[in-house]
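The sequence lines fix the lettering, A, B, ..., with proteins before strands; numbering per chain opens at 1.
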Number of protein chains: 2
Amino acid sequence: MNYSKQREIIYQALADNVVHPSAEYIYDVLKQANSNISLATVYRNLNKMAHNGKIKKIQGLEDKAHFDHNTFEHYHFICKKCGRIFDIPCDIAPEIIKKTQESTGFKIESHDIVFSGICRECSENER
Amino acid sequence: MNYSKQREIIYQALADNVVHPSAEYIYDVLKQANSNISLATVYRNLNKMAHNGKIKKIQGLEDKAHFDHNTFEHYHFICKKCGRIFDIPCDIAPEIIKKTQESTGFKIESHDIVFSGICRECSENER
DNA sequence: ATTAAATATGATAACAATTATCAGTTTATA
DNA sequence: TATAAACTGATAATTGTTATCATATTTAAT
């Protein structure tokens with residue numbers, strides 16, 4: 001894999017961003033920053049980086065994929081009301097994985113946990 | 001929700017099936033069984049049944065959704081080689097949920113865990 | 001049984017997210 | 001600096017899924 005300027009700015013846009021953006025969102029951000037990047041390039045590089053573990057791809061309840069530059073082990077919560085995605089720190093999973101691997105004989109290389117429900121803010125706004 | 005013949009045969013096709021089929025797969029099965037069912041009807045009813053808890057929708061690693069008539073709590077493993085989806089029984093999750101709910105204040109309504117890697121069979125075939 | 005309202009259907013058009021294509025450009029390497 | 005490999009922008013194509021709509025089926029009330 002060669003160096004590429006576009007991959008660099010895509011990663012930066014992802015890392016600078018508080019939320020967990022979609023490919024389209026990153027594309028819009030970069031467009032507004034006067035880059036003449038192509039949407040295909042955004043998809044290509046996000047997938048490439050997700051593939052080799054530089055970033056994480058979040059594919060869960062929704063129709064489109066989201067990305068996360070945080071690669072330390074954590075999970076996600078999607079709010080059904082506002083659609084926001086929150087990080088969920090978690091340390092119980094290693095047990096599950098070990099247990100599962102032993103009982104099934106499967107080689108587990110990755111795993112994802114996606115919770116969904118109503119976030120606190122939306123829950124409070126409800127009444 | 002009214003009774004419907006089509007929903008009945010869709011559920012049967014799902015329940016009779018060993019694998020975790022996609023909507024398209026169920027459609028093909030029913031087509032070959034001489035039903036003149038429509039693909040839209042398959043999608044409509046799978047989603048409806050998933051919505052009211054009669055079946056489970058698996059949305060995870062792949063590009064398309066899969067369905068499962070097993071509604072007891074369990075998770076899934078997707079083999080990166082053969083693409084098959086396996087059930088993973090699991091009883092640790094309730095702890096995670098309680099913990100997460102307490103620490104975040106989020107109301108968790110559902111969750112999904114998708115493991116991926118290489119299944120035993122593919123692992124053995126590798127050498 | 002007959003009717004009327006609600007719900008479901010098949011066929012297909014529309015849609016949104018993503019990927020493939022391809023000619024031209026950039027990067028790494030010899 | 002020449003060459004091959006990798007990357008890019010523009011956009012066409014693909015894929016999974018949903019919307020539309022005229023017709024048919026189901027349900028409940030007469």
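Surrounding OH of A/Tyr11 are more than 12 heavy atoms belonging to other residues, nucleotides or ligands, all under 6.0 Å away.
Here the C1' atom of nucleotide D/dA24 and the OH atom of B/Tyr3 are 15 Å apart, to the nearest Å. Rounded to an integer number of Å, the gap from A/Leu30 CG to D/dT8 P is 12 Å.
Listed for the B/Ser35 side chain is no donor-acceptor partner under 3.5 Å among the backbone atoms of B/Lys31. Between the side chain of A/Arg44 and the main chain of A/Arg7, no donor-acceptor pair closer than 3.5 Å is present. No donor-acceptor distance shorter than 3.5 angstrom exists from the side chain of A/Gln6 to the backbone of A/Thr41, with no hydrogens or angles considered. Side chain of A/Asn17 to backbone of A/Val19: a donor-acceptor contact under 3.5 angstrom is found.
Within the 4.5 Å cutoff, the side chain of A/Cys119 has heavy atoms near those of the A/Phe86 side chain.
Of the residues B/His69, B/His76, B/His66, B/His74, the one that meets the ring-ring contact (aromatic ring centres under 6.0 Å, His included) test with B/His20 is B/His76.
Contact footprint of chain A on DNA chain C: nucleotides with an atom under 4.0 Å from a non-hydrogen protein atom, first to last in 5' to 3' order, C/dA17 to C/dA28.
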With the criterion being N/O to N/O and under 3.5 Å, what pairs connect the protein with nucleotides 10-17 of chain D, and how long is each?
residue: D/dA10; atom: N7; partner: A/Ser38; partner atom: OG; Å: 3.3
residue: D/dT17; atom: OP1; partner: B/Ala65; partner atom: N; Å: 2.9
residue: D/dT17; atom: OP2; partner: B/Tyr43; partner atom: OH; Å: 2.7

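Close to D/dA24, at under 4.0 Å from its OP1 or OP2, lies no side-chain N or O of B/Lys5. Residue A/Ser4 places at least one side-chain N or O closer than 4.0 Å to OP1 or OP2 of D/dT8.
Checking B/Asn47 against B/Lys57 by side-chain atom types alone, a donor-acceptor pair falls below 3.5 Å.
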